[in-house]
**Q** 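Supplied in C-alpha cells, the structure appears directly below.
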Amino acid sequence: MIAHVDMDCFFVALERLKDPSLKDKPVAVGVDPEIGRSVVTSASYEARKFGVRSAMPMAVAIRRCPELVVVPTDFDLYNHYHFKVKEIFQSFSPMVEMTSIDEGYIDLSGTERLWGGPMETGERIRWVVKQMTQLDCTVGMARTKLTAKIASSEAKPNGLLWIPVETEAYFLAPLPVKVIPGVGATTATLLKSFGLEQVGQIAAAGELLMESTLGTTGRWLWYASMGKYESELLPEWERKSISKETTFRADTTDPQYITAVLHMLTEKVCRRLRKEQKTARTVSVKLRYEDFDTIDRSRTLSQPESRDSSLFSVAKELMFSAITRRVGIRLIGVGLSNLIGSGRQTNLFDEGEWIKGWHRLEAIDKVRSRFGFNAVLAGEAIHLAEKR
DNA sequence: TCTGGGGTCCTAGGACCC
DNA sequence: TCTGGGGTCCTAGGACCC
C-alpha cells in the first residue's frame with residue numbers, strides 16, 4: 001500500500017503560522033506586482049473562491065480579488081518544513097520519496113502490524129503531521145503511486161481517501177482525464193478530439209486502440225486509467241540539472257546589461273554546482289523575447305567543468321548567438337546538466353592552473369556563505385548589484 | 001489578463017560509427 | 001553507382017509538474 005501525502009496550501013499555511021492575522025483572509029504567495037512581474041505561487045481557499053489560481057498573473061489575481069493579501073515567498077521557511085515533514089513520513093516507513101517541496105509517497109507495505117489498516121494508518125499520518133507541524137495535509141492511499149496521488153487530489157483539503165485494490169477502475173472512471181498526472185491541457189485536448197473526456201472512456205477504448213492512436217503515451221494512459229500503471233518508489237534520486245533564470249523588471253536589448261546579468265546567474269549556478277561537489281558537461285542558456293517566444297541553446301563540452309570563467313564564456317557565446325531578433329528580451333537563464341559527481345575532476349593539460357583556480361573559488365564560496373552572495377562579485381556583476 | 005522559477009521527461013532529426 | 005540498418009550522442013523544442 002502506497003500513501004501519497006500532500007500538504008494543504010503549504011506556502012499559505014506556513015505564512016499563517018508566521019503571521020496568524022492572515023487566517024481566514026484571501027492570501028496569495030508571490031511577488032507583489034508593484035515590485036516585479038509575477039504570478040501566484042500558492043493561493044488560499046478563500047482566494048480560490050474569487051477565481052484566484054496558482055500560476056495566474058498576480059495582477060489578474062488582484063483584479064479578481066481586490067482584498068487579496070499578497071505575501072512574498074520565503075523559501076528558507078518552506079524548505080525547513082519540507083525536511084520536517086519528510087522526517088515525519090520516514091517515521092512511518094523508510095521507503096519515502098519526496099516528489100516536491102510539499103508532497104511525497106510513503107510505501108507502507110509490511111507496516112500493517114505496526115500501524116494497522118489503510119484508514120487507520122492514513123488518519124495516524126494526518127494526526128502526527130498536525131501535532132508536529134500544526135499543518136493540515138491530505139492523504140491518498142492505493143496500491144500504486146499514481147492512483148494514490150489521484151486519490152489525494154480528489155480528497156483535498158484536509159482529507160483521507162483509500163482506494164481498495166481492484167476498485168481502482170470504478171474510482172477513476174467518472175473523473176476527467178486531466179486528473180491523471182502527466183495529462184495537461186495539450187494532451188486533454190488531443191484526447192477530447194478522440195471523444196475521450198473521462199478516464200473510464202480511456203479504459204473502454206482498450207490498449208490496442210490507445211496505442212495505435214497515441215503511441216507510447218496511449219499505452220501508459222490505458223494502464224493508468226485502470227489503476228494498473230506501476231512506477232517504482234525511489235527514496236533517493238540525484239539532481240540532473242541546475243539552473244537559474246530571471247525575468248527583467250522591464251524588457252531590454254542592452255547587451256551590457258544582459259552580459260552582467262548572465263554573469264551573475266552563471267556565478268550562482270556554478271556556486272551550487274561546487275557546493276554539490278559536481279562538474280557539468282553541458283551548458284545551456286535560455287532567452288525569452290517580449291512576445292514570449294522562448295529559445296534554448298546548449299553545448300556539451302568534451303571535458304566536465306565547474307569554473308565560473310570557463311562556463312561563463314560558453315554561456316556568453318551561446319547567448320549572443322541565440323539572440324537574433326531585434327525585439328525586447330524579458331527573461332534570460334543559465335543551466336548546467338550532464339552533471340558528473342565529485343568536484344575534483346582533473347584535467348591532464350593544465351592541472352596546476354585548474355587546482356589553483358579551484359582553491360580560489362572555494363575561498364570565494366566560503367566568504368559568500370558567511371557574508372552573503374554580494375560579498376564577492378566579479379567586475380561585471382558589481383555594477384549590477386549596486387543598482388539593486 | 002499578461003504571464004515566475006525550479007525542475008523532469010519525451011521526441012525528432014542529424015551526425016557519426018560500425 | 002547507389003545503397004543497408006542499428007546504435008549512440010547531441011541539440012532544440014515542447015509538455016508537464018509544483
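Source: prediction; values computed, not measured. Protein chains get the first letters and strands the later ones, always in sequence-line order, with residue 1 at the start of each.
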**Q** Heavy atoms under 4.0 Å, any strand shown: does A:Phe10 hit a base, just sugar-phosphate, or nothing?
**A**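 Nothing, no heavy atom under 4.0 Å.
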**Q** Indicate whether any N or O donor in one side chain lies under 3.5 Å from an N or O acceptor in the other, for A:Thr111 and A:Ser93.
**A**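 Distance-only check fails for A:Thr111 and A:Ser93.
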**Q** Check nucleotides 5-13 of chain B for protein N or O atoms closer than 3.5 Å to its own N or O atoms and list the pairs.
**A**
unit_1 : atom_1 : unit_2   : atom_2 : d
B:dG5  : OP1    : A:Thr247 : N      : 3.4
B:dG5  : OP2    : A:Thr247 : N      : 3.0
B:dG5  : OP2    : A:Thr247 : OG1    : 2.6
B:dG6  : OP1    : A:Lys244 : NZ     : 2.9
B:dG6  : OP2    : A:Glu245 : N      : 2.5
B:dG6  : OP2    : A:Glu245 : O      : 3.4
B:dG7  : OP1    : A:Arg239 : NH1    : 3.3
B:dG7  : OP1    : A:Arg272 : NH1    : 3.1
B:dG7  : OP1    : A:Arg272 : NH2    : 2.8
B:dG7  : OP2    : A:Ser243 : N      : 2.8
B:dG7  : OP2    : A:Ser243 : O      : 3.3
B:dG7  : OP2    : A:Ser243 : OG     : 3.0
B:dT8  : OP1    : A:Lys240 : N      : 2.8
B:dT8  : OP2    : A:Ser241 : N      : 3.4
B:dT8  : OP2    : A:Ser241 : OG     : 2.6
B:dT11 : OP1    : A:Thr216 : OG1    : 2.9

**Q** Just wondering, do A:Lys18 and A:Leu77 contact through their side chains at under 4.5 Å, heavy atoms?
**A**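 A side-chain contact exists here, since the closest heavy-atom pair is under 4.5 Å.
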**Q** Taking side chain as C-beta onward, heavy atoms only, is A:Lys286 less than 4.5 Å from A:Thr294?
**A**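 A side-chain contact under 4.5 Å exists here.
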**Q** Regarding A:Lys149, tell me which of base, sugar-phosphate or nothing describes its non-hydrogen contacts under 4.0 Å with the strands shown.
**A**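 The answer is sugar-phosphate, as A:Lys149 gets under 4.0 Å only of primed atoms, P, OP1 or OP2.
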**Q** Considering residues, nucleotides and ligands other than A:Gln134, do more than 12 of their heavy atoms fall under 6.0 Å from its CD?
**A**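 Atom CD in A:Gln134 is not packed in, count stays at 12 or less.
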**Q** Base, sugar-phosphate, or nothing: which does A:Ala185 touch, judged by heavy atoms less than 4.0 Å apart?
**A**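 Sugar-phosphate, no base atom in range.
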**Q** Identify whether any heavy atom of A:Ser42 sits under 4.0 Å from a base atom; if not, whether one sits that close to sugar-phosphate; answer base, sugar-phosphate or nothing.
**A**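 Answer is nothing: A:Ser42 stays at 4.0 Å or more from every strand.
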**Q** Just checking, any donor-acceptor pair under 3.5 angstrom between side chains of A:Thr189 and A:Thr186?
**A**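 Looking only at side-chain atoms, A:Thr186 and A:Thr189 do not form any donor-acceptor pair under 3.5 Å.
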**Q** Just so I know, are the side chains of A:Leu221 and A:Met210 near enough to count as touching, which here means a heavy-atom distance under 4.5 Å?
**A**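 They are in side-chain contact.
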**Q** Assign A:Arg281 to base, sugar-phosphate, or nothing according to its heavy-atom contacts below 4.0 angstrom with the strands shown.
**A**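 Since only primed, P, OP1 and OP2 atoms lie under 4.0 Å of A:Arg281, the category is sugar-phosphate.
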**Q** According to a 3.5 Å limit on both distances, what stems of 3 or more consecutive Watson-Crick or G-U pairs are formed with DNA chain C?
**A**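 Correct response: B:5-18 with C:5-18.
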**Q** Tell me whether the centres of the aromatic rings in A:Tyr257 and A:Phe248 are closer together than 6.0 Å.
**A**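 They qualify: ring centres under 6.0 Å apart.
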**Q** Any cation-pi pair here, A:Lys228 with A:Tyr223, using under 6.0 Å and within 45°?
**A**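 Geometry flag: not set, cation outside 6.0 Å or 45°.
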**Q** List, with names and distances, any nitrogen or oxygen atoms from the protein found under 3.5 Å away from nitrogen or oxygen atoms belonging to nucleotides 16-18 of chain B.
**A**
none

**Q** Classify the ring geometry of A:Phe11 against A:Phe75: parallel below 30°, tilted from 30° to 60°, perpendicular beyond 60°.
**A**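 Taking A:Phe75 first and then A:Phe11, their aromatic rings stand perpendicular (interplane angle over 60°).
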**Q** Indicate, with a heavy-atom threshold strictly under 4.0 Å, whether A:Val40 touches base, sugar-phosphate, or nothing.
**A**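 Result for A:Val40 = nothing.
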**Q** I want to check a possible cation-pi pair here: A:Arg124 against A:Phe92, using under 6.0 Å from ring centre and within 45° of the ring axis as the test.
**A**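 The answer is no, since A:Arg124 fails at least one limit relative to A:Phe92.
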**Q** Less than 4.0 angstrom between a side-chain N/O of A:Arg288 and OP1 or OP2 of B:dT3, yes or no?
**A**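 So the side-chain polar atoms of A:Arg288 never come under 4.0 Å of the phosphate oxygens OP1 or OP2 of B:dT3.
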**Q** Will you find, in the side chains of A:Glu15 and A:Tyr78, an N or O donor that is under 3.5 Å from an N or O acceptor?
**A**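 Short answer, yes.
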